[in-house]
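These notes are about the structure you will find just below.
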Amino acid sequence: MLSHAEEDAMSTNHYDPEREAELKAEAEKYIPPGYDPDLYKIRHSAAHIMAQAVMERFPGARIAIGPPVKDGFYYDFELPRSPTEEDLAWIEQRMKEIIKGKHRFHVREVSVEEARELFEDQPYKLELIEGLAQGQYDEYGNKLPEDQRPKITVYQHDTFVDLCRGPHVEHTGQIKANAIKVMRVAGAYWRGDEKNPMLTRIYGTAWRNRVELEQYLKRLEEAKKRDHRRLGKDLAIFAIEPQMVGPGLVLWQPNGAVIRDQLERFLKEEQIRRGYQPVYTPHIAKVDLFKTSGHYPYYKDSMFPPMVVDENEEYLLKPMNCPFHIMIYKQHLRSYRDLPIRFAEFGTVYRFEQSGEVSGMTRVRGFTQDDAHLFCRPDQLEDEFKSVVELTLKVFRSLGLTDFRARVGVRDPESDKYVGSDDVWEQATQAILNALNDYDFDYTVEEGEAAFYGPKLDFVVNDVLGREWQLGTVQVDYNLPQRFDLTYIGDDNQPHRPVMIHRAPFGSMERFVGILIEHLNGAFPPWLAPVQVVLIPIADRHVEYARSVAARLFAQDIRVKVDESASRMNAKIRAAQMQKIPYMLIVGDKEIEHEAVAVRLRSGEDLGAMPVGEFEAKVRQLVAERTMDLW
RNA sequence: GCCACCGUAGCUCAGUCGGUAGAGCAGCUCACUCGUAAUGAGCAGGUCGUCGGUUCGAGUCCGACCGGUGGCUCCA
């Protein structure tokens, strides 16, 4: 093993500790806001160490990039073959050895020429160097602002030299060998473009110490238990039969149907109050409808193939509801006095998602949007938009989903997949941004996240595995009214073009319920719980009384069951707990005597005996209020 | 669609060297009649994802396909 002095000497021909300190200090600015600086450096350095180990295991491997990510890091390689479990174990072991060598990380600035020379066998690095040389891209291939010309720096530890902007730990010994783990391999396209070759991405994780690593692994285990696919099965909420029914096609079991129905009722009430009119439309329509809307040419690939009735008659499963609602709008001549018109429908749509993408309830091929389309005059747009945002916020908050992210999706200027003129897009985007000024939640503006007909405001929530899902969405659309030639007659007796808002507070019932399952860990509030109350008779002689109490509650629209199984009381309680039923009513001799029930909450709290009427009134009240509270 | 891994009872999983499939839970039956998270005994339950190949013989080895999981790309 080399001494530090020897490494220092070897690392560069002109080792300059002062310059190095400067560069390292400068590199600190690359730590993203909100990312723990220590962990960032540990993970970034661990990525280099892993790359060294991989190069030793696969001599001649090509290296791409290796940044820290949430909870860990990865490095992308082009390898002669796919790594096996043994390879990964070897790499992890070797990483631990390198760490124990306490090799120092050295940095120096190099010229473009020297960088090209250093990485002459590394085509991906050369590509990055060219980007740096032109001053347009940083070493991760991200575009840089005009005024920012990057330095080219290389970091070295032990035998491994990498084009890298840093920052890193001082020496490998600052990483704990028992706090790192090689996690898994995945494919990833070079620079995220599917036209490029697919590289092998190796994910790893690194923490400050062993305890933190263990806590992280524990957290992953816990997350799996909360996974809506797991809970959806355990709690009989939904099912998917890929072989018989099809991938991404959801079967709502009775429990799931209760949850969905309650959510739908909630939203319908809110919508009626806000002047929405329910409509119903078919699941299929002629191709012509989607040609007019613009779906057909742009999104043909993500629709199920057409049903051909005969040569001139083809039908498509609808991927969206809007064209149908537009056709309803067109049934009459509309006056400016009629607007806004708001058509609402829980409309089921079908989209042929890529096979690698369907997942549980969150990414499916058939789903029901809580859709509505608002047709309004331009002067009404802002108020309508805000009213929709407020409805969405109300829906989220009343379900405890406060941890959302707001995203304004605008066009990707380099893509041609959008319909409509530039100024119309600009107009729509401004309308959204203006309206948002009045709210206190933060939002980000992201290119390429728009709908094909207009920009949108999305409410994005994480699942238990940290993946983001778009739930509620509000979209401003000047394009479809034009394509369908929608008009209303203004006070000047002339036809005018209405503006449309597409909106879905839940997004889709499938995805929303999937995410809700995870957020609530399957423990639904009383108003949503598939079974609200279970009667637990202590012995067989108490069954009859339990039934009579159940009948009384049932008559008050409370969803109630009697556990008449031959199990002991403790087993019945356990079963009810595992089904996350909010209320367990234990009835024995004492309760029968006093027309009472002994109330146990899902939380484990024992409220003792109370008159049936008292319990009934309390539950009815909690359900009517649609509160998250158990008692 | 691409890369990797995976597919055995309703669920979670075991199955050695290729010799003809097993446990726990759930279910059913019986006994027990119990006071706040698992009573006991018995019974039943499988075309080992599908198709093909190798072999005297395949859950096990090989191939194709279908599907799932994690990523990537995509996402109206």
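Throughout, a chain's letter reflects where its sequence line sits, starting with A, and its residues are numbered from 1.
For B:C62 and B:C5, the P atoms lie 12 Å apart once the distance is rounded to whole Å. Nucleotides B:A41 and B:C32 have their P atoms positioned 16 Å apart, rounded to a whole Å. For the P atom pair drawn from B:A58 and B:G53, the interatomic distance equals 11 Å after rounding to whole Å. Taking atom P on both B:C48 and B:U8, the two are 11 Å apart, rounded to the nearest angstrom. The C1' atoms of B:G67 and B:C25 are separated by 26 Å, rounded to the nearest whole Å. Rounded to whole Å, the separation between the P atoms of B:U39 and B:G22 comes to 28 Å. Of the P atoms belonging to B:G59 and B:C51, the separation is 12 Å, rounded to the nearest Å. Of the P atoms belonging to B:A9 and B:G15, the separation is 15 Å, rounded to the nearest Å.
For RNA chain B, each stem of at least three Watson-Crick or G-U pairs (distances under 3.5 Å) is given as range with range: B:1-7 with B:66-72, B:10-13 with B:22-25, B:27-31 with B:39-43, B:49-53 with B:61-65.
Listed by chain and residue number, A:Glu384 satisfy the side chain to side chain donor-acceptor pair (under 3.5 Å) test with A:Arg342 (two or more places apart in sequence, or in another chain). Checked against salt bridge (Lys or Arg N to Asp or Glu O under 4.0 Å), A:Asp193 has the following partners two or more places apart in sequence or in another chain: A:Lys195.
Taking both residues in full, the closest heavy atoms of A:Ala576 and A:Val534 are given as CB-CG1, 3.7 Å, listed atom of the first, atom of the second, then distance. Nearest heavy-atom pair across A:Tyr203 and A:Ala186 is CE1-CB, 4.0 Å.
The aromatic rings of A:Phe77 and A:Tyr75 lie parallel to each other, their planes meeting at an angle below 30°, with 60° marking the opposite boundary.
Here A:Gly294 lies out of heavy-atom contact (under 4.0 Å) with every strand. As judged by a 4.0 angstrom heavy-atom cut-off over every strand, A:Pro242 is placed among residues touching the sugar-phosphate backbone only. Note on A:Tyr203: only backbone sugar-phosphate atoms sit closer than 4.0 angstrom, heavy atoms only; bases stay farther off. Using a 4.0 Å heavy-atom cutoff across all strands shown, A:Val543 reaches no nucleic acid atom at all.
A cation-pi arrangement is present between A:Lys318 and A:Phe324 under the rule of less than 6.0 angstrom and at most 45 degrees off the ring axis.
Atom CD of A:Gln579 is separated from atom C1' of B:A26 by 11 Å (rounded to the nearest Å). Rounded to whole Å, the distance from CD on A:Gln369 to P on B:C75 is 16 Å.
Residue A:Trp425 is tested with A:Tyr418, A:Tyr453, A:Tyr478 for a ring pair (Phe, Tyr, Trp, His ring centres under 6.0 Å); the sole match is A:Tyr418.
In terms of position on RNA chain B, the residue among A:Asp193 and A:Met320 whose nearest nucleotide sits closer to the 5' end is A:Asp193.
With a 6.0 Å radius and a threshold of 12 heavy atoms from other residues, nucleotides or ligands, A:Lys330 has its NZ atom above the threshold.
For the segment residues 451-467 of chain A, residues with any heavy atom less than 4.0 angstrom from an atom of RNA chain B are, sorted by number, A:Ala451, A:Phe452, A:Leu465, A:Arg467.
Ring centroid separation for the pair A:Tyr296 and A:Phe290 does not come in under the 6.0 Å cut-off.
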Q: Take nucleotides 1-13 of chain B nucleotide by nucleotide from the 5' end and write B, S or -, depending on whether a protein heavy atom sits under 4.0 Å from the base, only from the sugar-phosphate, or from neither.
A: BBBS------SS-
Q | Nucleic acid footprint by protein, nucleotides 34-44 of chain B - heavy-atom cut-off 4.0 Å, B for base, S for sugar-phosphate alone | A | BBBBBB-----
